[in-house]
Amino acid sequence: MKYILETKSLTKSFGGVHAVDHLSINIPQGIITGLVGPNGSGKTTLVNVLSGFSGEDEGSIVFSGVDRKKILPWENQAYGITRTFQQIRLFDQMSVLDNILVVLTERSPLAALFERHGAYHLKIAEDILKRIDLHEKKSHHAGDLSYGQRKLLEMGRVLAMNSNIILLDEPFAGLFPEMVKKIEGIILELKKEGKTIVLVEHNMAIIRNLCDHLIVMDAGKLLAEGHPEKILAEKSVLEAYLGE
Amino acid sequence: MEYIFHIFILIFIYGILAIAQNLVMGSTGLLTLGGAAFYGIGAYTAAILATKFGVNIFASLALAPILAGIIACVVGVSFARFRDDYFMLATLGFLMIFHTVVRNWEELTGGAYGIAGISKPELFNFTFQTPASFLLLALAIFLLTLGISYRISRSSFGRVLNAIREDEDALKIFGYKTSSYKLLAFTLGASLSACAGVLFASYITFIDSNFFTINESLLLWSMIILGGIGRNRGAVVGAFILIIVPEFLRFVGFPTEFAGLLRQFIYGSLLVLLMLFRPNGILGKYKL
């Protein structure tokens, strides 16, 4: 199995609390890896560190064999990483279309000021909105969308980024079954395209249905790692996570 | 008629300032109190160049925005780590430094006495001496500023500025080094404000440091909040109203001993009422 992302003794603390505690894990390339654990086990902190949203205190992150320290958030694109947030973070007072277009724009200020590929980006954005069933809402403010539509728009931005590594922080939280199916469909399409997906999720049915690999965290540490069916049958996992 | 021209010249000058303020504060969400400083830098550049070196105001219209842009770049890089209210306090500090420098550097700025005798603009032996001709010049520069700002707001650059205003941290995740966008917006805003300063100095023909205080910066805030944050037309409407209303109140027959206070009271009350019933401003869609 080829690993695209590894952490080596990664540590992140808040005050005296080790949210991520000397964690060493491997994320296989091109499949869906589930990241589970009780509340407060450090899953979101790990996603924040991997995406450069907050810097690590110790340890290192290895992307495709290259050791990286202190990832800065804006370097994500260059390293082919994108993420969603547990609490949806859209650009609420911008249109649905602009929320997608802003992800497609050239990153240099001067290139953005004199953009030459506007029509091309507009076509991509429109296609993405059709794919996530939000095309009819393209002129609405993102803040006016329903909760489920906002989750979809976050996925739309992931599609627009076209990154190789996608970190999804509870994309199904609070969604009704039809919307869960839609987002599952998008995630499976991304997997077909060869993307590496890390999925933070609490719903074991979804984990069993989608994930090829599972990482279980507890108190910032690695509890178990392997195939979901095997891991979810382990006594230590059942005790720590499911309380069984 | 000359009074009407005078009012519209002020509307165009403040319209330029409000558009610049809107670019920095309305579109990008940078709470700056430095608007009056860059306005002053433009005015003092024109005044010094005209009175000490005989430089044509049109040359100042090219030089002052460059100088203001360079200063804004230095200030912007220095303040890059600050956000929101901290950035606002830092820009207030910059405004105070500017004010202190122009008030005390007497050889260059005239200190408390200011600079008088600033020439009117000249182009091909034509001097923009009359209010009507100056009005046309102010209108032309106002329209040019509006065009630049409209182009920015319709571009991908403008879209990124709006996203910075909405959620800068989330935008960084998509690969944006937002500090360079904010710096460019701040610099462009400063350059446009300097253009307004050049026009003002040449129109009034006298300037001193009292024209460029925090009151002026707060007036610019009021203009864009009243007209509608993040919209060019909102900035223009805000400038129009906040220049027209005080002038209009001059013609209401208040007793002379209270006239000034009553005008201020009515003016302030109107602003409070508008904010109570229309917090997004007259044409606004956004909130800071």
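Residue numbers start from 1 in every chain, and the chains themselves are labelled A, B, ... in the order their sequence lines are given, proteins ahead of strands. None of these values were measured; they are calculated from a predicted model.
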Closest contact, heavy atoms only, B:R159 versus A:V102: CD-N, 3.8 Å
Flag if over 12 foreign heavy atoms under 6.0 Å of NZ, A:K191: yes
Top contributor to chain A contacts, counting heavy-atom pairs under 4.5 Å, from B:I152, B:D169, B:V160, B:T178: B:D169
Gap separating the OG atom of A:S51 from the NZ atom of B:K172, nearest 0.5 angstrom: 12.5 Å
Other residues, nucleotides, ligands: >12 heavy atoms within 6.0 Å of A:Y147 OH: yes
Choice from B:A163, B:S155, B:A170 maximising heavy atom contacts with chain A below 4.5 Å: B:A163
Which of A:H121, A:R83, A:E75 touches chain B most, by non-hydrogen pairs under 4.5 Å: A:R83
Proximity breakdown for A:H141 and chain B, heavy-atom pairs closer than 4.5 Å: side chain
Contact summary for B:I173 and A:M161, nearest pair of heavy atoms: O-CE, 4.1 Å
Residue among A:W74, A:F53, A:F85 with most heavy-atom pairs under 4.5 Å to chain B: A:W74
Contact leader toward chain B among A:I81, A:V103, A:L104, A:L72, where contacts are heavy-atom pairs under 4.5 Å: A:V103
Region of B:R154 that comes under 4.5 Å of a non-hydrogen atom in chain A: neither
Smallest separation among heavy atoms of B:D167 and A:F91, with atom names: O-CE2, 3.5 Å
Side chain / backbone / both / neither for B:L171 at chain A, heavy atoms under 4.5 Å: both
Distance-minimising heavy-atom pair for B:Y176 and A:E106: CE2-O, 4.0 Å
Contact class of B:L184 relative to chain A, heavy atoms under 4.5 angstrom: side chain
For A:P109 against B:F157, the heavy-atom pair lying closest together: O-CD1, 3.6 Å
Best-contacting candidate, A:M94, A:R107, A:R157, A:E115, against chain B by heavy atom pairs under 4.5 angstrom: A:R107
Heavy-atom pairs under 4.5 Å with chain B, option from A:A111, A:S108, A:A160 with the top count: A:S108
Greater than 12 external heavy atoms within 6.0 Å of B:R233's CZ: no
Greater than 12 external heavy atoms within 6.0 Å of A:F14's CZ: yes
Exceeds 12 heavy-atom contacts within 6.0 angstrom, atom NZ of B:K177: no
Side chain to side chain, B:E166 and A:D92, heavy atoms closer than 4.5 Å: yes
